[in-house]
Number of protein chains: 2
Amino acid sequence: MRHPHTAGATMSHVEAEKKKRGRPSRIDVDTIVGIARRILQEEGVAALSMRRVAKEVGTTPMALYHHVRDKDELLMLTLSGMAATVPRPELPDDPRERLLTVSVHMHGTLARMPWVVEVLSLGDLTDKGALWMVEEIIASCVACGLTPAQSVAAYRTIWHCVYGDLVFRQAMARRAEEPDRRRHFPDMITEADAEELPHMAALADRWLELTADYDVSTQLGAVIDGLLGQARRP
Amino acid sequence: MRHPHTAGATMSHVEAEKKKRGRPSRIDVDTIVGIARRILQEEGVAALSMRRVAKEVGTTPMALYHHVRDKDELLMLTLSGMAATVPRPELPDDPRERLLTVSVHMHGTLARMPWVVEVLSLGDLTDKGALWMVEEIIASCVACGLTPAQSVAAYRTIWHCVYGDLVFRQAMARRAEEPDRRRHFPDMITEADAEELPHMAALADRWLELTADYDVSTQLGAVIDGLLGQARRP
DNA sequence: ACCTGAACACCGTTCAAGT
DNA sequence: ACCTGAACACCGTTCAAGT
């Protein structure tokens, strides 16, 4: 196994050696990752720096590099085990319902961990504890008659819908916090655009309201219907 | 109009005044934005810094702040007018076909401008020249019997599918470039997981191949079918 | 083996001063 | 009005040295 720390336990190759020989270390990876995780949770990825983590751990920045390869590895390590902190929901037996329930659960879970979404866009999934959701989605697709290839593709598409919603939901929340921040849309549409952009001009006033009304469950339901519809014409 | 530079022409409030009084400026926003755009295109957002732009423009970092409010505004300005650089495609008359064509065009266009995708995730759309695509998508949805509210939601879902694909396609390309880089998935699935994750274990060997086979057009087609299916049960 | 300190090559932005 | 220089408060990481 080339990457032992991708498993549930956060243990680097360096730490694995420490029990055998040499001076015992004052700090360990779990402490570092724990502190990092707290900073991420409270202030987001932008606030996470090696120097900041070092200060809160109580060492010099360079001491961290004995436990993690670089900042990127630290970021990946923060993801391990996050899925296990969320209880696994009861799933309905009907595969179509199951698919929707898992997808919505995935979205709801990540909506409560905004920093995980930010970190995920930098690398790929490193938390084995999250794979049961991928498995359930693929299994349900197969149960609904999709080929394995179609099922994997369907999983990706569902993930894109979940991820996209989270990203722009967060961007909107961030912009709402900044007090005077320039909003671009739909303020940039004026009466003069009514000819070129009739629907948008007509909807401009209701745009914010309609954006707020966007319901992921409804959308995922429709997307799943479309994806499962592929079964009849392979 | 509060934000004149959100229009096609890149002209800031500062520059708008310059023709009237005071010392003529040695540099103008268009030069700054042009240089920024080139750096973004060639090296991505990570390479863009105010200091770097200043050096390439031939001034001090602080001179830039007379033309743009901050780095964020510069980033937003780089988007203006990008849509106009791509020829508008012929669209089929059938609204369902039209919807698919516009969506795929959106994806294809952005696939050729990776940095635009990176910048878009930081703020919202600032290029009025891109709005015709949103208009066409909404118009087609309405033509297929969706309510305006459903059409706006459908647009967002399509955008999430396009955006999500681009983000992870780029992340994959980045990781492929780094030589020895740790890959996490599906290497982390072993024989031992076959019981918990039967489908994934079975597909592990084909995972990369299946990921490469992912076809956005096919997926968008299925998603659109699902979204338009909402028309019959409102 | 583990940690430290100094150093390198960067950041965005403020502020006071120059022309 | 436009630009400069110095300064502030940061970055990630390398490298040589200490215990």
Side-chain angles (χ1 to χ4, degrees), chain A residues 11-33 35-36 39-40 43-78 118-119 122-123 178 180-181, chain B residues 11-33 35-36 39-40 43-78 118-119 122-123 178 180-181:
Chain A
M11 180 181 262
S12 81
H13 51 291
V14 180
E15 206 207 8
E17 304 279 301
K18 111 180 162 193
K19 263 128 202 162
K20 294 175 197 156
R21 50 185 166 281
R23 183 209 271 194
S25 60
R26 297 204 302 102
I27 53 178
D28 64 336
V29 229
D30 291 330
T31 320
I32 296 171
V33 172
I35 300 269
I39 295 171
L40 287 168
E43 301 173 55
V45 266
L48 191 96
S49 71
M50 296 301 273
R51 294 173 120 104
R52 169 82 184 275
V53 173
K55 193 186 288 179
E56 303 218 5
V57 170
T59 31
T60 57
M62 285 319 299
L64 303 179
Y65 287 85
H66 265 268
H67 304 273
V68 296
R69 183 209 286 245
D70 54 18
K71 191 185 175 179
D72 223 69
E73 181 172 276
L74 176 54
L75 242 11
M76 292 301 112
L77 287 173
T78 58
E118 292 183 274
V119 177
L122 304 173
E178 300 174 53
D180 70 305
R181 216 51 177 182
Chain B
M11 181 182 262
S12 83
H13 52 291
V14 180
E15 206 208 7
E17 304 278 302
K18 111 179 161 194
K19 264 129 203 162
K20 295 175 196 154
R21 51 185 167 282
R23 183 211 271 195
S25 59
R26 298 203 304 102
I27 54 178
D28 64 338
V29 230
D30 290 331
T31 320
I32 296 171
V33 172
I35 301 270
I39 295 170
L40 287 168
E43 302 173 53
V45 266
L48 191 98
S49 72
M50 296 301 273
R51 294 172 120 106
R52 169 82 185 275
V53 172
K55 192 186 288 179
E56 303 219 5
V57 170
T59 31
T60 57
M62 285 319 299
L64 304 179
Y65 287 85
H66 265 269
H67 303 273
V68 296
R69 183 208 286 243
D70 54 18
K71 190 185 176 179
D72 223 68
E73 181 173 275
L74 176 54
L75 242 11
M76 292 300 111
L77 288 173
T78 59
E118 293 182 275
V119 177
L122 304 172
E178 299 174 54
D180 69 305
R181 215 51 176 182

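All values below come from the heavy atoms of this structure, side chains included, with hydrogens, waters and symmetry mates left out. Residue numbering restarts at 1 for every chain, and letters A, B, ... go by the order of the sequence lines.
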Expressed in angstrom and rounded to an integer, what is the separation of B/Asp72 atom CG from C/dG12 atom P?
12 Å
Phosphate oxygens OP1/OP2 of D/dC3: is one of them under 4.0 Å from a side-chain N or O of B/His67?
yes
Find the distance A/Ile32:CD1 to D/dG12:P and express it as a whole number of Å.
14 Å
Could you state the atom-to-atom distance from CZ of A/Arg26 to C1' of C/dT4 in whole Å?
10 Å
Tell me the interatomic distance from B/Arg69, atom CZ, to C/dT13, atom P, rounded to whole angstroms.
11 Å
Distance, nearest 0.5 Å, that separates OG1 of A/Thr78 from CD1 of A/Ile32
12.5 Å
What distance do A/Ile27 atom CD1 and A/His66 atom NE2 have between them, rounded to the nearest 0.5 Å?
9.5 Å
Under 4.0 Å between a side-chain N or O of B/Tyr65 and OP1 or OP2 of C/dT13?
yes
Inter-residue atom distance A/Asp70.CG - A/Leu64.CG, 0.5 Å rounding
11.5 Å
Counting Watson-Crick and G-U wobble pairs whose two distances are both under 3.5 Å, find the runs of 3 or more in a row that involve DNA chain C.
C:4-8 with D:12-16, C:12-16 with D:4-8
If you measure from NE2 on A/His67 to CG on A/Leu74, what distance do you get to the nearest 0.5 Å?
12.0 Å
Output the rounded distance in Å from CD (A/Glu73) to C1' (D/dG12).
15 Å
A/Leu48 CG to D/dC11 C1', in whole Å, measures 12 Å
In this structure, how many angstroms lie between the P atom of C/dG12 and the CG atom of B/Leu122, rounded?
13 Å
Side-chain atoms of residues 48-57 of chain A: list all donor-acceptor pairs with protein atoms under 3.5 Å, sequence neighbours left out, distances to 0.1 Å.
| residue | atom | partner | partner atom | Å |
| --- | --- | --- | --- | --- |
| A/Ser49 | OG | A/Arg52 | N | 3.0 |
| A/Arg52 | NE | A/Glu56 | OE2 | 2.8 |
| A/Arg52 | NH1 | A/Glu43 | OE1 | 3.4 |
| A/Arg52 | NH2 | A/Glu43 | OE2 | 2.7 |
| A/Arg52 | NH2 | A/Glu56 | OE2 | 3.1 |
| A/Glu56 | OE1 | A/Arg38 | NH2 | 2.3 |

Between residues 50-60 of chain B and DNA chain C, which residues have a heavy-atom gap below 4.0 Å?
B/Met50, B/Arg51
Can you check the distance between C/dC10 and D/dA9, where both ends of the measurement are the P atom (answer in whole Å)?
22 Å
What is the separation between atom NE2 on A/His66 and atom P on D/dG18, rounded to the nearest whole Å?
16 Å
Those residues at least two apart in sequence (or on a different chain) that pass side-chain hydrogen bond (donor to acceptor under 3.5 Å, both in side chains) with A/Thr59 are none
Return the polar atom pairs (N/O with N/O) between nucleotides 15-17 of chain C and the protein under 3.5 Å, or none.
none

Which listed nucleotide (C/dC3, D/dG12, D/dT13) is nearest to the side chain of A/Ala63?
C/dC3
